[in-house]
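I have placed the structure first, in the form of structure tokens, so that the comments after it can refer back to it.
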2 protein chains.
Amino acid sequence: MSSERQAADEPGEPEPAPPARPPRGAAFLLTQLGTHAAERFAVRVAELGLTPPDIGLLRTIATRPGRSQRALAAELGVVPSRVVALIDHLDGKGLVERRRSTEDRRNHELYLSEEGGRLLGEVWGIAAAHEDDILSALDDGQRDRLTELLGLVAAQQGLTPGVHPGYRNLPDGRRS
Amino acid sequence: MSSERQAADEPGEPEPAPPARPPRGAAFLLTQLGTHAAERFAVRVAELGLTPPDIGLLRTIATRPGRSQRALAAELGVVPSRVVALIDHLDGKGLVERRRSTEDRRNHELYLSEEGGRLLGEVWGIAAAHEDDILSALDDGQRDRLTELLGLVAAQQGLTPGVHPGYRNLPDGRRS
DNA sequence: TATTGTTATACTCTATAACTATA
DNA sequence: TATAGTTATAGAGTATAACAATA
């Protein structure tokens with residue numbers, strides 16, 4: 001199946017003949033490449049036994065240790081029950097620790113374990129290799145330019161630096 | 001606010017905190033913006049009662065009408081049973097038609113209905129508005145440059161033009 | 001009564017496998 | 001026996017709501 005050409009006027013029943021050009025805009029390329037990059041990154045971190053959400057959680061905890069699960073859920077924009085499941089996973093692997101707060105015993109203060117910190121350290125190397133893989137088509141100058149342009153777009157769109165939108169609750173647009 | 005290189009080196013301030021810098025690379029920005037753009041697009045097309053997978057299917061059918069579901073599944077890189085569900089949805093809304101092939105009665109030839117073609121026509125306008133929304137931070141020259149750079153990356157990464165990777169089915173991280 | 005974390009539950013999405021009807 | 005489409009089923013992911021402990 002390699003026929004590139006398709007006759008517009010087929011014999012037989014009259015077709016509506018709709019416009020059918022492929023999307024070439026930057027927005028579609030962003031979606032396409034973003035999904036692709038996410039998949040590739042997922043494959044890489046899977047070698048550490050982690051998922052991309054795991055990474056984000058580890059990173060967020062490392063940024064400000066001792067916070068409650070509620071605070072974490074608020075920052076990431078997810079529902080608290082989801083944090084429970086994610087922390088359960090990381091706790092089961094010995095990467096994070098829940099410590100009952102002495103001030104308010106309802107709270108769980110979250111900390112990275114030593115192993116969690118070590119593993120997070122490995123992630124930086126993986127991220128660098130991933131970056132180099134994805135951008136291997138570009139030279140250094142082009143990479144800088146791309147990074148700058150993407151940064152402008154991300155800032156204007158109101159994206160929180162370092163927080164993946166995948167954590168956020170779906171606005172709408174589910175199947176009807 | 002221009003990002004003048006990523007000069008976040010050790011400026012001399014003693015950091016008591018663990019290694020917890022947010023990712024600033026282009027690869028993460030791609031993932032972040034790609035997910036964001038996909039969400040926004042989903043919200044827009046939801047007003048037509050459609051989902052992004054629906055759009056991709058309509059577009060692919062319009063590109064070459066009359067193909068079988070099997071052929072469609074192969075092109076998109078999904079399992080045939082998934083095409084059944086997607087076509088069911090579109091068929092139920094009267095946007096596509098299944099026609100038993102007269103040559104091989106096992107096949108279903110897929111066509112857009114008149115309404116399907118009309119709706120797909122509306123999508124182009126929506127896509128243009130979406131593009132303009134996402135890229136509103138950039139002027140025309142910057143948009144061209146961004147599109148060019150993204151095109152280079154997409155080509156090198158082997159992405160099929162116009163086909164969203166979300167359709168692809170890669171179980172354990174294999175890439176074709 | 002309000003809040004934190006948890007559990008129970010349901011729903012969406014998507015893949016695998018079994019089944020049918022043709023060939 | 002082989003193939004196209006379908007149905008049945010299961011699993012991952014994530015949301016909502018009810019619940020227990022604590023304030």
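Treat the numbers as computed from the prediction; the structure is a model and nothing was measured. Below, chain A is the first sequence line, B the second, and so on; all start at residue 1.
Within 6.0 Å of CZ in B/R40 there are 12 or fewer heavy atoms belonging to other residues, nucleotides or ligands. With a 6.0 Å radius and a threshold of 12 heavy atoms from other residues, nucleotides or ligands, B/R100 has its CZ atom above the threshold.
To the nearest angstrom, P of C/dT3 lies 17 Å from CD of A/Q69. Atom pair B/I87:CD1 and D/dA4:P shows a separation of 16 Å (rounding to whole Å applied). A straight line from CG of A/N107 to P of C/dA2 spans 18 Å, rounded to a whole angstrom. The distance from atom OH of A/Y167 to atom P of D/dT14 is 9 Å, rounded to the nearest whole Å. Between the P atom of D/dA4 and the CG atom of B/L72 lies a distance of 14 Å, rounded to the nearest Å. In this entry the distance linking NE2 of B/H108 with P of C/dA21 reads 13 Å, nearest Å. The CG atom of A/L76 sits 16 Å away from the C1' atom of D/dA15 (whole-angstrom rounding).
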**Message:** I need a per-nucleotide contact map over nucleotides 17-23 of chain D, read 5' to 3'. Cutoff is protein heavy atoms under 4.0 Å; write B for the base, S for backbone only, - otherwise.
**Reply:** B----BS
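Taken over five-pair windows at either terminus, the axes of the helix from C/dT1-D/dA23 to C/dA23-D/dT1 are inclined to one another by 30° (rounded to 10 degrees).
Between the side chain of A/Q32 and the main chain of B/T160, a donor-acceptor pair closer than 3.5 Å is present. Looking at A/Q157, its side chain does come within 3.5 Å of a backbone N or O of B/D133 through a donor-acceptor pair.
Salt bridge present: B/E75 and B/R67 bring a charged side-chain N and a carboxylate O closer than 4.0 Å. For the pair A/R118 and A/E122, the salt-bridge criterion is met [side-chain N within less than 4.0 Å of a carboxylate O].
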**Message:** Checking B/D104 against B/S101 for the side chain to side chain donor-acceptor pair (under 3.5 Å) test, could you report, in this order, the C-alpha distance in whole Å, the side-chain angles of both residues, the deciding distance, and whether it holds?
**Reply:** CA-CA 5 Å; B/D104 186 335; B/S101 169; over 6 Å; no
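In the set C/dA15, D/dG5, C/dG5, D/dG5 carries the atom at the smallest distance from any side-chain atom of B/V84. Side-chain proximity of A/R70 to D/dG5, C/dT4, D/dT16: nearest is C/dT4.
A/R82 comes within contact range of the sugar-phosphate backbone alone, with a heavy-atom separation under 4.0 Å but no base atom that close.
Within the structure, side-chain hydrogen bond (donor to acceptor under 3.5 Å, both in side chains) contacts touching residues 138-152 of chain B (residues at least two apart or in different chains) are B/D132-B/R143.
Contacts of A/S113 classified as side-chain hydrogen bond (donor to acceptor under 3.5 Å, both in side chains), with partners at least two apart in sequence or in another chain: none. With sequence neighbours excluded, the residues satisfying side-chain hydrogen bond (donor to acceptor under 3.5 Å, both in side chains) with A/R98 are A/Q69, A/D88, A/D91.
Side-chain contact annotation: B/S68 with B/E109, donor-acceptor N/O pair under 3.5 Å absent.
For the contact set between residues 89-99 of chain A and DNA chain C, defined by any heavy atom under 4.0 Å, the members are A/R98.
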